[in-house]
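These notes are about the structure you will find just below.
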Amino acid sequence: MRLSSLCLSALVATTTFRGGAVVVGGRGFVAAFAASSSTRAGGGAPRCPTAIWAPGGGGGGKASSVRAFVVDGRLRAGGLGTSSTSIPSRGGGFLGGPPVLRASTQESTDLSVEEENVEAKAKASAADDDNVDDDDEELRAEILSAAHSSSSITGPHTSISSFGGLSYVDTSLLDASVPKRHRVVFVLGGPGAGKGTQSDRIVDSYKCVHLSVGELLRAERQRGDDSPHADLIEDALVNGNIVPVEISLELLRNAMDDAAVAPHASDLKKYGSRIFLVDGFPRNFDNLSGWTANMPDAASAIGVLCYDCPQDVLEQRILTRAETSGRSDDNLESARKRFRTFREQTVPVVRALEEVERAQVKDEEEESGGMSKMRVYRIAAEGTVDQVWDLTKGAMDKFVRDDVLTASERLIDAVNDMDLESYGALCDSNLLADDDEEDESSASKGGGEVADEADRMEKIFYEYEAARVDVGPDGPTDAIRTPTLTQTNVIENAEVAVQDGTHATVSYDRIMKLSVEGQEMESSVRETRVWEHQERGWACVHFYRTPLE
């Protein structure tokens with residue numbers, strides 16, 4: 001007996017042509033192998049492919065299918081061994097590796113180096129602007145006490161895991177819980193630091209939900225006599241004081257619950273597993289303790305974006321904004337009060353959360369791979385909007401990376417467990433479309449019977465995921481399907497590339513270990529899956545493989 005190269009569909013990806021564009025899984029993806037600055041386990045030159053968006057793809061209608069395959073980085077039409085055409089080097093929408101995770105242009109494939117480059121500049125700026133006395137033992141003790149009290153701020157629904165050698169924060173329980181728990185990133189910074197501007201860009205690119213505590217408070221204030229909190233909020237905003245945490249949490253919880261089921265404003269689509277950007281919270285230790293006491297069971301605080309900017313820059317931005325904003329607190333006196341409040345009350349909170357991050361890494365040092373469930377990113381915000389955006393994208397990509405790797409791990413687990421229901425939930429419907437569906441639909445209209453959905457799903461699952469073994473004159477047999485054969489998939493050398501906030505690729509060596517009547521054998525491929533953020537979360541829209549020597 002010998003192991004065949006793999007069943008045809010498991011070795012290569014099936015592609016259709018529609019309207020002159022190459023369409024994969026109905027989503028308009030073509031896969032091309034190219035070096036990128038993606039994260040790869042163990043370092044070394046990355047092999048994660050570049051995703052190319054081809055115009056004219058996607059959309060409704062059943063196209064007449066022409067079989068084609070991606071093999072060794074080349075698009076081959078008609079089947080293996082036929083003449084081939086190289087995949088085009090450019091497409092119509094996006095091309096290239098993941099966004100660079102730092103301000104500099106020097107390339108690196110090591111995540112820890114990228115993080116250090118991003119954070120070194122931001123924290124250097126933060127050190128200049130915090131104006132918090134590091135020799136103040138009383139303040140230092142207060143920060144450490146707050147950190148200890150807030151150790152559960154990430155909640156019980158996330159954990160550190162590993163996929164193919166890459167450590168990541170497993171977020172699967174957030175979606176599995178009923179009701180689902182929210183992902184929250186705190187957005188902090190002094191007045192005029194650009195939190196709102198950057199949050200707008202994050203929402204547009206990553207389909208997040210932006211909730212500004214300040215805007216929620218101002219909206220509540222504008223309700224006037226209809227709100228029991230209006231006068232208190234007005235006084236706090238004008239004088240630069242902190243609104244009681246109970247009021248802020250009440251408004252925030254209501255807004256999160258409402259936004260969770262609403263479509264995205266830019267495209268009216270719904271996105272599952274969305275990240276909530278909570279702008280301007282927690283502003284002090286009272287906010288922090290209030291959140292830790294009341295929110296972790298409903299929302300997991302997965303990180304912080306803190307925009308650090310010198311006071312003179314902030315003041316100039318406030319004066320410029322005051323020309324058009326119409327806000328009563330956009331004046332120099334209020335701005336200076338708010339900046340002093342930020343420096344004296346919010347900066348210590350950021351430092352406490354940094355201590356939480358360090359403590360989580362230390363507590364799980366052997367298992368975490370140097371990663372924490374809480375990650376604080378200090379972003380130097382004195383540059384241009386685009387410069388600050390580059391740093392912001394670098395941080396956001398890491399949060400997205402967690403969700404994509406979580407989905408990848410769940411999909412491989414579903415394959416190993418032969419869990420067709422979970423497998424189907426993690427794949428785009430077009431990827432799971434049967435080539436015979438159109439014929440079956442026609443037959444049904446003529447009185448024939450459509451194949452049972454469970455049988456159809458099982459057929460696709462084995463076609464995509466089962467290795468085949470040559471067992472004799474009867475030909476190849478599906479490994480997973482045959483009771484005398486067992487197949488286990490081991491993942492190594494993983495790398496991930498976030499493309500544009502809603503698309504990502506994950507590549508890895510997939511080692512298929514088989515036991516055939518007591519005889520052990522294995523086959524290995526380099527597998528790449530293309531993921532897209534959809535209504536039910538991250539879904540695999542395409543995959544392709546190349547054999548490994």
Between Trp291 and Phe186, what is the ring plane arrangement, given parallel below 30°, perpendicular above 60°, and tilted in between?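 Correct class here is perpendicular.
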Please work out whether the ring planes of Tyr206 and Trp389 are parallel, tilted or perpendicular, with thresholds of 30° and 60°.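 Perpendicular, since the angle between the ring planes exceeds 60°.
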Does any donor atom in the side chain of [X] or [Y] lie under 3.5 Å from an acceptor atom in the other side chain?
X: Thr528; Y: Tyr508; answer: no
X: Gln360; Y: Ser372; answer: yes
X: Asp235; Y: Asn239; answer: yes
X: Asp170; Y: Ser172; answer: yes

What do the steps show when you test Thr154 against Val356 for side chain to side chain contact (heavy atoms under 4.5 Å, CB included), and what is the final call? CA-CA 10 Å; Thr154 51; Val356 171; 5.6 Å; no
Who pairs with Asp403 by side-chain hydrogen bond (donor to acceptor under 3.5 Å, both in side chains), at least two apart in sequence or on another chain?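 Asp403: side-chain hydrogen bond (donor to acceptor under 3.5 Å, both in side chains) contacts with Thr171, Arg183.
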Identify, with sequence neighbours excluded, every residue that meets side-chain hydrogen bond (donor to acceptor under 3.5 Å, both in side chains) alongside Arg223.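 For Arg223 the side-chain hydrogen bond (donor to acceptor under 3.5 Å, both in side chains) partners, ignoring immediate neighbours, are Glu220.
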Is the gap between the ring centers of Phe399 and Tyr377 under 6.0 Å?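 Yes; Tyr377 has its ring centre under 6.0 Å from that of Phe399.
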Does the pair Asp297/Arg181 count as a salt bridge with the N-to-O cut at 4.0 Å?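 Looking at Arg181 together with Asp297, the answer is yes, because their closest N to O distance falls below 4.0 Å.
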Just how far is it from atom SG of Cys540 to atom CG of Leu431, taken to the nearest 0.5 Å?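 Output value for this atom pair is 5.5 Å.
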So how far is it from Glu409 CD to Leu166 CG, rounded to the nearest 0.5 Å?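 Between atom CD of Glu409 and atom CG of Leu166 there are 11.0 Å.
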Run Leu305 and Ile379 through side chain to side chain contact (heavy atoms under 4.5 Å, CB included) and show every step you take. CA-CA 7 Å; Leu305 302 178; Ile379 297 174; 4.1 Å; yes
Passing option when Glu315 is tested against Arg338, Arg336, Arg321, Lys337 for salt bridge (Lys or Arg N to Asp or Glu O under 4.0 Å):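 Of the listed residues Arg338, Arg336, Arg321, Lys337, the salt bridge (Lys or Arg N to Asp or Glu O under 4.0 Å) partner of Glu315 is Arg336.
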Would you indicate whether the side-chain heavy atoms of [Y] and [X] approach each other to under 4.5 Å?
X: Leu251; Y: Val213; value: no
X: Thr502; Y: Lys207; value: yes
X: Leu211; Y: Asp279; value: no
X: Met256; Y: Val209; value: no
X: Arg140; Y: Asp136; value: no
X: Val185; Y: Val304; value: no
X: Glu495; Y: Thr505; value: no
X: Ile202; Y: Thr392; value: yes

Side chain to side chain contact (heavy atoms under 4.5 Å, CB included) between Thr292 and Ser152, intermediate numbers included: CA-CA 7 Å; Thr292 305; Ser152 62; 3.5 Å; yes
I need the minimum non-hydrogen distance between [X] and [Y], along with the two atoms involved.
X: Gly383; Y: Arg317; value: O-NH2, 3.4 Å
X: Leu288; Y: Leu353; value: CD1-CD2, 3.9 Å
X: Val376; Y: Glu357; value: N-OE1, 3.2 Å
X: Ala504; Y: Trp538; value: N-CZ3, 4.2 Å
X: Val187; Y: Ser199; value: CG1-OG, 4.0 Å
X: Gly224; Y: Ala230; value: O-CB, 3.4 Å

Would the number of heavy atoms belonging to other residues, nucleotides or ligands and lying under 6.0 Å from CG of Asp231 be above 12?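 Not buried by this count: 12 neighbours or fewer within 6.0 Å.
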Any chance CZ of Arg410 has more than 12 other-residue heavy atoms, nucleotides or ligands included, within less than 6.0 Å?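 12 or below, so no.
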Show your working on side chain to side chain contact (heavy atoms under 4.5 Å, CB included) between Val506 and Phe163 and close with a plain yes or no. CA-CA 10 Å; Val506 181; Phe163 180 78; 3.9 Å; yes
